[in-house]
Amino acid sequence: MKLLRFGPKGREKPGILDKQGVARDLSGVIDDITPETLAAGAIAKARKIDPETLPKVSSRSRIGACVGKVRHFIAIGLNYVDHAKETNSPIPEEPIIFSKAPSCIVGPNDDVVIPHRSKKTDWEVELAVIIGRGGYMIDEKKAMSHVAGYAVCHDVSEREHQLERGGTWMKGKGSPTFGPLGPWLVTRDEVKDPQNLDMFLEVNGKRMQNGNTRTMIFGVPHLVSYLSRFMLLEAGDVITTGTPPGVGMGLKPKPKYLKGGETVRLGIEGLGEQVQKVVKYKP
């Protein structure tokens with residue numbers, strides 16, 4: 001299944017795609033797609049419904065983030081061999097973990113806002129994993145049973161704040177709009193191999209990132225199990241798993257960053273695409 005959320009910000013309703021790719025209103029079946037509804041079996045309830053019996057969603061409707069009210073937005077750094085090399089960073093021996101503020105999550109086609117006085121706002125296409133069943137100390141062999149599905153994530157990053165202001169990477173990762181998520185939550189059964197998905201990102205029509213999840217250093221089962229050693233994972237948690245090469249920071253001979261006015265398009269095989277306008281912050 002491909003689940004989605006549609007409608008104005010803060011008032012999104014749940015939806016589902018039918019076989020023709022038409023969005024249908026699922027609000028008569030489940031209240032929303034959130035940690036609470038996922039924990040209560042929202043995906044199982046949605047499976048029992050024939051989407052074509054549901055009302056169509058207007059093609060003019062805004063698409064929101066595919067999961068609402070996220071409590072934990074966990075990110076993995078330097079998780080692609082070729083990305084680590086382009087940034088002149090050593091290959092991590094264990095996953096690098098940091099948090100993105102859940103408040104930075106927006107819809108897949110909402111504007112990305114450059115922070116006030118930002119100098120180095122960068123792009124990153126990533127595979128996001130949505131937890132469907134929580135757990136602590138999860139065995140890696142059973143990790144996939146805790147995954148509800150996958151989504152496209154744009155891990156927007158302000159490199160000066162991330163790397164030059166001291167302390168945690170979170171400083172450059174959590175600004176409002178820095179986490180476009182969706183368009184869909186694609187359930188686990190529809191993704192044959194999460195470690196073999198093509199992904200891309202373009203800025204103003206120019207291809208900047210081309211990659212495949214097979215070059216991830218730590219795969220999805222390991223990440224779910226590893227994170228659960230240090231925290232209780234809960235339904236609705238989002239884990240964004242790192243980016244392939246081609247980020248602005250790694251461009252040679254000179255890095256390139258978003259300044260405002262650009263259009264960014266990104267996507268992952270089978271998971272859909274996002275398109276965002278980049279705008280400057282207005283006090």
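Residue numbers count from 1 along this sequence. Hydrogens, waters and symmetry mates play no part in the numbers below; they use all other heavy atoms, side chains included.
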Practice item. Scan I97, I130, I131 and name whichever one has a side-chain contact (heavy atoms from CB on, under 4.5 Å) with I239. Key: I131
Practice item. Taking all heavy atoms of P108 and all of G64, pick out the closest pair and write down the distance. Key: CD-O, 3.4 Å
Review point. With no hydrogens and no angle check, is any side-chain donor or acceptor of K142 less than 3.5 Å from a backbone partner on E140?
Key: no
Review point. What is the distance from atom CD1 of I74 to atom CG of D237, rounded to the nearest 0.5 Å?
Key: 5.0 Å
Practice item. Decide yes or no for L223 and M216: does some side-chain heavy atom of the first lie under 4.5 Å from some side-chain heavy atom of the second? Key: yes
**Study point:** Beyond-backbone contact of I114 with Y281, side-chain heavy atoms, under 4.5 angstrom
**Key:** no
Check your understanding: Below 4.5 Å, heavy atoms only, C-beta onward: do W169 and L163 meet side chain to side chain?
Key -> yes
Exercise for review: Kindly give the heavy-atom pair with the smallest separation between G21 and L17, and that separation in Å.
Suggested key: O-CD2, 3.7 Å
Exercise for review: Would you check if H72 and L227 make a side-chain contact, meaning some heavy-atom pair closer than 4.5 Å?
Suggested key: no
Exercise for review: Start with the C-alpha gap between K173 and E124, add the side-chain angles, then the distance that decides, and say whether side-chain contact (heavy atoms from CB on, under 4.5 Å) holds.
Suggested key: CA-CA 11 Å; K173 295 286 189 171; E124 295 189 19; 3.3 Å; yes
Exercise for review: Could you tell me whether R207 atom CZ has more than 12 heavy atoms of other residues or ligands within 6.0 Å of it?
Suggested key: yes
Check your understanding: What are the two closest heavy atoms between K252 and E86, and how far apart are they?
Key -> NZ-O, 3.3 Å
Practice item. Output yes when E164 and K120 qualify as a salt bridge under the 4.0 Å nitrogen-oxygen rule, no when they do not. Key: yes
Point to revise | Q276 vs V106, side-chain contact (heavy atoms from CB on, under 4.5 Å): CA-CA, chis, key distance, verdict | key: CA-CA 11 Å; Q276 297 123 21; V106 292; over 6 Å; no
Point to revise | E273/R265 salt bridge by N-O under 4.0 Å criterion | key: yes
**Study point:** Non-hydrogen atoms of S175 and P115 that approach each other most closely
**Key:** OG-CG, 3.6 Å
**Study point:** E158 and K171 ion-paired at < 4.0 Å
**Key:** no
**Study point:** Interatomic spacing from CG in L232 to OH in Y136 - rounded to 0.5 Å
**Key:** 9.0 Å
Point to revise | Over 12 foreign heavy atoms within 6.0 Å of NZ, K2 | key: yes
Check your understanding: In a check of side-chain contact (heavy atoms from CB on, under 4.5 Å) between P244 and each of D198, V125, L201, N212, which one passes?
Key -> V125
Practice item. Determine yes or no for a side-chain-to-main-chain donor-acceptor pair under 3.5 angstrom, with W123 supplying the side chain and G246 the backbone. Key: yes
Review point. Does the pair E126 and T240 meet the rule for a side-chain hydrogen bond (donor to acceptor under 3.5 Å, both in side chains), with working shown?
Key: CA-CA 6 Å; E126 303 201 1; T240 190; 2.7 Å; yes
Check your understanding: Does N204 reach the main-chain N or O of T263 with its side chain, forming a donor-acceptor pair under 3.5 Å?
Key -> yes
Exercise for review: State yes or no: do M170 and F73 share one hydrophobic cluster built from I, L, V, M, F, W and Y residues joined by side-chain heavy-atom distances below 4.5 Å, directly or via other members?
Suggested key: no
Check your understanding: Are there more than 12 heavy atoms of other residues, nucleotides or ligands under 6.0 Å from atom CD of E93?
Key -> no
**Study point:** E160 with R117: basic N within carboxylate O range, under 4.0 Å
**Key:** no
Review point. Between V278 and L266, is there a shared hydrophobic cluster once you connect ILVMFWY residues whose side-chain heavy atoms come closer than 4.5 Å?
Key: yes
Check your understanding: Taking side chain as C-beta onward, heavy atoms only, is D110 less than 4.5 Å from K9?
Key -> yes
Review point. Is K100 reaching over with its side chain to a backbone N or O of F178, donor-acceptor style, under 3.5 angstrom?
Key: yes
Practice item. Return yes if some donor-acceptor pair links the side-chain N/O of H146 with the main-chain N/O of G134 below 3.5 Å, else return no. Key: yes
Point to revise | Donor-acceptor under 3.5 Å (T37 side chain, D32 main chain) | key: yes
Check your understanding: Below 4.5 Å, heavy atoms only, C-beta onward: do I63 and W184 meet side chain to side chain?
Key -> no
Check your understanding: Same cluster or not: are I105 and V264 linked, directly or through other Ile, Leu, Val, Met, Phe, Trp or Tyr residues, by side-chain heavy atoms under 4.5 angstrom apart?
Key -> no
Point to revise | Gap between atom CG of L26 and atom NZ of K45 - 0.5 Å precision | key: 10.5 Å
Exercise for review: List the steps and the verdict of side-chain contact (heavy atoms from CB on, under 4.5 Å) for L127 and V220.
Suggested key: CA-CA 10 Å; L127 171 69; V220 172; 4.2 Å; yes
Check your understanding: For the atom pair CD1 (I30) and NZ (K13), what is the distance rounded to the nearest 0.5 Å?
Key -> 13.0 Å
Review point. Would Y226 end up clustered with I96 when hydrophobic side chains under 4.5 Å apart are linked, directly or stepwise?
Key: no
Check your understanding: More than 12 heavy atoms of other residues, nucleotides or ligands under 6.0 Å from NZ of K119: is that the case?
Key -> no
**Study point:** Verdict with reasoning, Y257 to T121, per side-chain contact (heavy atoms from CB on, under 4.5 Å)
**Key:** CA-CA 5 Å; Y257 299 107; T121 296; 5.5 Å; no
Review point. Does a side-chain N-to-carboxylate-O contact under 4.0 Å join D18 and K56?
Key: no
**Study point:** Test item: R24 side-chain N/O and L54 main-chain N/O as donor-acceptor pair under 3.5 Å
**Key:** yes
Check your understanding: Donor-acceptor pair, T177 side chain versus V113 backbone, under 3.5 Å?
Key -> yes
Review point. Rounded to the nearest 0.5 Å, how far apart are NE2 of H161 and OG1 of T168?
Key: 14.0 Å
Review point. So, for A128 and C153, which heavy atoms are closest and what is the spacing to 0.1 Å?
Key: CB-CB, 3.9 Å
Review point. E269 versus M199: any side-chain heavy-atom pair under 4.5 Å?
Key: no
Review point. Between T213 and L197, is there a donor-acceptor pair closer than 3.5 Å when you use the side chain of the first and the backbone of the second?
Key: yes
Revision key, fill the gap. Between A143 and P221 the two heavy atoms that sit nearest each other are CB-O, 3.4 Å
Check your understanding: Going by heavy atoms in the side chains, are S145 and R133 under 4.5 Å from each other?
Key -> yes
Exercise for review: Please answer whether the main-chain N or O of F218 pairs with a side-chain N or O of N79 as donor and acceptor at a distance below 3.5 Å.
Suggested key: yes
Study note, to complete from the structure: Interatomic distance, CE@M1 vs CD1@I49, rounded to 0.5 Å, equals 10.5 Å
Practice item. Could you state whether V152 and L4 fall into the same hydrophobic cluster, counting links through intermediate Ile, Leu, Val, Met, Phe, Trp or Tyr residues with side-chain heavy atoms under 4.5 angstrom apart? Key: yes
Review point. Is atom CZ of R214 surrounded by more than 12 heavy atoms (other residues, nucleotides or ligands) closer than 6.0 Å?
Key: no
